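Scroll down for the structure; my scribbles are underneath it.
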Amino acid sequence: MLIREILKTAPAAAVMEVKGWVRTRRDAGGLSFIEINDGSCLGNLQIVAQSDMDNFETLIRKLTTGCAVRFTGKLAASPAKGQDVEFQAESVEVYGWSPAESYPLQKKRHSFEFLRNVPHLRPRTNSIGSVMRIRGRLAIAIGRFFEEQGFVQVHTPVISTSDCEGAGEMFSVTTPGPGSGGGESPCSTDFFGRPAGLTVSGQLEAEAYALALGRVYTFGPTFRAENSHTSRHLAEFWMVEPEMAFCDLDEDIDLAEKFLKFLIADVLDNCREDLELFTKFVDKDLRNRLETVTARAFARTTYGEAVRILAKSGKKFEYPISWGADFQAEHEKFLTEEVFGKPTVVTDYPASIKPFYMRLNDDGKTVAAMDVLFPAIGEIIGGSRREDRYAVLEKRMAERNIDPDAYRWYLDLRRYGSAPHAGFGMGFERLVQFVTGMANIRDVIPFPRTAGRA
RNA sequence: UCCCCUGUAGCUCAGUCGGUAGAGCAGGUGGCUGUUAACCACCUUGUCGGCGGUUCGAAUCCGUCCGGGGGAGCCA
C-alpha cells in the first residue's frame, strides 16, 4: 500500500506492509521513531519500533537517512501531535543501506544549488519530489485538455533539418554514415547526407499534420544551443505546440487562455499538499496568484496600444520603447504587474521582429502574432496565425534570405489545399515554474542541461 | 557573448587592519519509554577552488584560469 493511501486510512488490527526510504530516525530511550517516504506523496509515515522487536539493535538502531526498507505492522492512532496515524512495526527488512558518512542528503534543508550537484539523488528531497509530482500531473493534464478539445497528439521528429528561423541555435547531429569515406564536406558523407540537428521547434511539422488532421499538438523535448546563463533558459526543455486548421488569431488566443486556466485549475485541485509546500517555503502568495489566473479574464491589447501605454506611463525604462522595438523584460513586467495586474495577451507585433511564418496583416506592417505574458515570469506562450498565402510566404522568405529549397515541403502546404491555421508554443518548464513559484528553471526538470553541463 | 556577485569542514556560513582556521547543522560515541529540524554530554572533520606574484608572513592584496549564481542579450 502506498503511503499516500495509508495516511488516509483508518487504524485497524490487520497486519499490513509498507516500503519506502528512511527520511529520519529519532530514538527515545527504548523506542525508535522512523519516518519513511515512498514518493507517492509529500508526507512521511511515522514508524514506531519498540525495543523488544526482533532486530531492534541490529537493524532498527542502524537505520539512517536514505535506507530502503520494508516494514510489516499495524496502523494505529497516534497518541502524539504531528500525525493522525502511525505504523507500529512488527518486523523490518532492509533492502539497501545508506552509509551516513557519505550519503550527500542530510535530514535538513539543502540549497537548490547544492542539490543540482546530485541530480540523481535530489528527487528524494521534499521540494524536488513535490516539483516533479506537479510536473507529472501537468503533463497528464495537457493530454487530457487536448483530448477533450478534439486534438490528435502527433510526435514530431527530434532530429530535424529545419532551423525554424528565429528560434535560436541548433545542436548539430553528426555521425559517420554508410557512405562515409572521408570526403571533404563532412555532411555529404554523414549519416543523413545533409546537415541535421536537434529540433528547435516542432511547429512546422505540426502545421503539416494540422492541415490534414485538423487539430493537433506536439509535446516533447526541444533543444537550443544558446550559451545563456539565466534562471529561465535550458539547452534541453519541453514544449507544447498545438496547431489548428481553420483557426484565426482570436480563436488561437481563446484556446491559449482556456488551456492555461485548465492546467492551473487541475493542479489546484489535485496537488493541494505539494502546492502547500511551495506556498509555505517558496512564495507565500502563490496559491492566491494561481487562483487569480483561473478566475479572471486575461487582458488583451495590441502591440501598438501597449507601446503607447508604456510611452505615456512616465516611467523611466532602461531601454526606451518606440514602435518597432521588441519589448524588454522590464516592459513585460510593467504591463502585467502594474498596468493590467494579470496575465496579458499582446497581439499584432511588427513583422520585422517576428519570424517569416507569421501571417502578415492587411496593414502590411504587423503580423497576426500573440504573446501571453504572465506576471513574474514574462512570456509563457507565443503564437500566431500562420501565413497561408503562397506568394506572401515566398516573398517574406526571400526578404530574409531563406533558401526556398530548404522549405519546399513547407511551401507545398500552401500550394495544395492551403487553409487558415494558427497555433502556439508553450515552454513547459516555464509553466512548472509559474505553478510552483520555483525561481530557477534548472530545478523544475529532472536532469537539467545547460551550457557546460550535461 | 557581455556585465555583476561568489568559491573557507559533508551542508549553511563567519573570519575586522595581512599574523597561520571558527560556529551551527551533519557524522561518531554515550544517555533518555512518545519523538516531530527531538533533546543532553563528549569527540572527529580543512589542498581556505587551481596556478603564479607581492610580502618576513596571504583565506585576506594583485594577476590569471576554472567552477557556481544573478542579470542582459536571445528566447520558451
Side-chain angles (χ1 to χ4, degrees), chain A residues 23-35 43-52 56 61-62 64-66 76-83 86 88 98-118 125-126 164-169 199-203 221-241 281 318-319 326-330 332-333 353-355 371-374 377-383 424-434 439-445 450-453:
Chain A
R23 282 296 175 82
T24 170
R25 193 193 87 235
R26 293 180 289 270
D27 292 334
L31 74 170
S32 231
F33 299 93
I34 303 127
E35 288 196 38
N44 299 327
L45 177 65
Q46 174 165 281
I47 310 281
V48 185
Q50 303 286 346
S51 58
D52 56 5
F56 186 79
R61 281 283 161 109
K62 296 196 165 105
T64 55
T65 304
S78 178
K81 283 183 184 167
Q83 59 282 315
E86 63 186 22
Q88 290 179 336
S98 179
E101 321 82 65
S102 59
Y103 187 56
L105 301 180
Q106 302 168 2
K107 51 179 181 184
K108 64 166 202 165
R109 286 182 77 183
H110 290 288
S111 66
F112 289 119
E113 205 174 318
F114 167 72
L115 292 175
R116 272 171 230 148
N117 296 322
V118 283
T125 63
N126 285 340
C164 216
E165 184 241 6
E169 282 298 305
T199 182
V200 293
S201 165
Q203 180 202 309
T222 307
F223 309 86
R224 305 276 166 92
E226 298 289 345
N227 186 19
S228 45
H229 297 272
T230 82
S231 55
R232 303 179 309 281
H233 293 87
L234 290 166
E236 176 182 299
F237 63 100
W238 284 56
M239 196 150 59
V240 183
E241 294 174 289
F281 292 113
E318 194 185 335
Y319 293 86
D326 207 352
F327 293 137
Q328 305 292 322
E330 56 175 346
E332 295 181 349
K333 211 175 162 65
I353 58 171
K354 290 291 183 184
D371 283 355
V372 181
L373 310 178
F374 263 19
I377 61 162
E379 182 185 335
I380 189 158
I381 278 180
F424 62 79
M426 180 189 74
F428 185 52
E429 283 75 18
R430 297 245 176 113
L431 176 74
V432 181
Q433 269 191 285
F434 182 77
N440 198 308
I441 200 165
R442 300 173 183 93
D443 301 323
V444 300
I445 189 168
T450 52
R453 270 207 175 193

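Quick caveat, the model's predicted, so the values are computed rather than measured. A note on names: the letters A, B, ... follow the listed sequences, proteins ahead of strands, and every chain is numbered from 1.
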- Message: Both A:E101 and A:Q50 contact RNA chain B. Taking the nearest nucleotide for each, which residue is further toward the 5' end?
- Response: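 Its nucleotide being nearer the 5' end, the pick is A:E101.
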- Item | Closest-nucleotide ordering on RNA chain B, the 5'-leading residue of A:L31 and A:D326 |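 It is A:L31 whose nearest nucleotide is closer to the 5' end.
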What is the pairing partner of [N], taking Watson-Crick or G-U wobble pairs with both distances under 3.5 Å in any strand?
N      : result
B:rG7  : B:rC66
B:rG30 : B:rC40
B:rG22 : B:rC13
B:rG46 : none
B:rU1  : B:rA72

- For the side chain of A:E241 and the backbone of A:G202, is there at least one donor-acceptor N/O pair under 3.5 Å apart?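 Looks like yes, one N/O pair under 3.5 Å.
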Which heavy atom in [X] sits nearest to a heavy atom in [Y], and how many Å separate them?
X      : Y      : result
A:R25  : A:R61  : NH1-O, 3.1 Å
A:D371 : A:G383 : OD1-N, 4.3 Å
A:E332 : A:E379 : OE1-N, 3.7 Å
A:I445 : A:F237 : CD1-CA, 4.5 Å
A:I34  : A:A49  : CD1-CB, 4.3 Å
A:V200 : A:E169 : CG1-O, 4.0 Å

For [X] and [N], is the shortest distance between a side-chain N/O and OP1 or OP2 below 4.0 Å?
X      : N      : answer
A:S231 : B:rG71 : yes
A:R232 : B:rA72 : yes
A:N227 : B:rC74 : no
A:R442 : B:rG69 : yes
A:R23  : B:rA37 : no
A:S111 : B:rU12 : yes

- Message: Let's test your reading of the model: under 3.5 Å, does the base of B:rG67 pair with the side chain of A:E113 as donor and acceptor?
- Response: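 By the distance-only test, no, there is no pair.
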- Can you check whether any acceptor in the base of B:rC75 is under 3.5 Å from a donor in the side chain of A:H233, or vice versa?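 In this structure, the two groups form a donor-acceptor pair.
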Identify whether any heavy atom of [X] sits under 4.0 Å from a base atom; if not, whether one sits that close to sugar-phosphate; answer base, sugar-phosphate or nothing.
X      : result
A:Y319 : sugar-phosphate
A:T24  : sugar-phosphate
A:F114 : sugar-phosphate
A:Q46  : base
A:G382 : nothing
A:E86  : base
A:A100 : sugar-phosphate

Measure the distance from [atom1] on [X] to [atom2] on [N] and round it to the nearest whole Å.
X      : N      : atom1 : atom2 : value
A:Q433 : B:rG70 : CD    : C1'   : 14 Å
A:N440 : B:rG71 : CG    : C1'   : 13 Å
A:L234 : B:rC75 : CG    : P     : 17 Å
A:K81  : B:rG34 : NZ    : P     : 16 Å
A:D27  : B:rG28 : CG    : P     : 11 Å
A:R109 : B:rU12 : CZ    : P     : 13 Å
A:E379 : B:rA72 : CD    : P     : 14 Å
A:R61  : B:rU29 : CZ    : P     : 12 Å

Using atom [atom1] in both nucleotides, what's the gap between [N] and [M] to the nearest angstrom?
N      : M      : atom1 : answer
B:rC11 : B:rG50 : P     : 15 Å
B:rC13 : B:rG69 : P     : 14 Å
B:rG10 : B:rU6  : P     : 23 Å
B:rG18 : B:rC62 : C1'   : 13 Å
B:rU54 : B:rG70 : C1'   : 33 Å
B:rC48 : B:rA59 : C1'   : 5 Å
B:rG15 : B:rA9  : C1'   : 14 Å
B:rA26 : B:rA37 : P     : 12 Å

- Message: As an exercise, state the distance from CG of A:L105 to OG1 of A:T125, rounded to the nearest 0.5 Å.
- Response: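 Rounded to the nearest 0.5 Å, the CG-OG1 separation comes to 7.0 Å.
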- Query: Can you tell me how far CD1 of A:I441 sits from OG1 of A:T450, rounded to the nearest 0.5 angstrom?
  - Reply: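 CD1 of A:I441 is found 11.0 Å from OG1 of A:T450.
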Please determine, for the side chain of [X], which listed nucleotide ([options]) has the closest atom?
X      : options                : value
A:H229 : B:rG34, B:rC25, B:rG71 : B:rG71
A:Q106 : B:rG10, B:rG28, B:rU35 : B:rG10
A:T230 : B:rC75, B:rG71, B:rU35 : B:rG71
A:K108 : B:rU35, B:rC25, B:rG27 : B:rC25

- Message: Please classify B:rC39 as syn or anti, treating any glycosidic angle within 90° of 0 as syn.
- Response: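 With its glycosidic angle more than 90° from zero, B:rC39 counts as anti.
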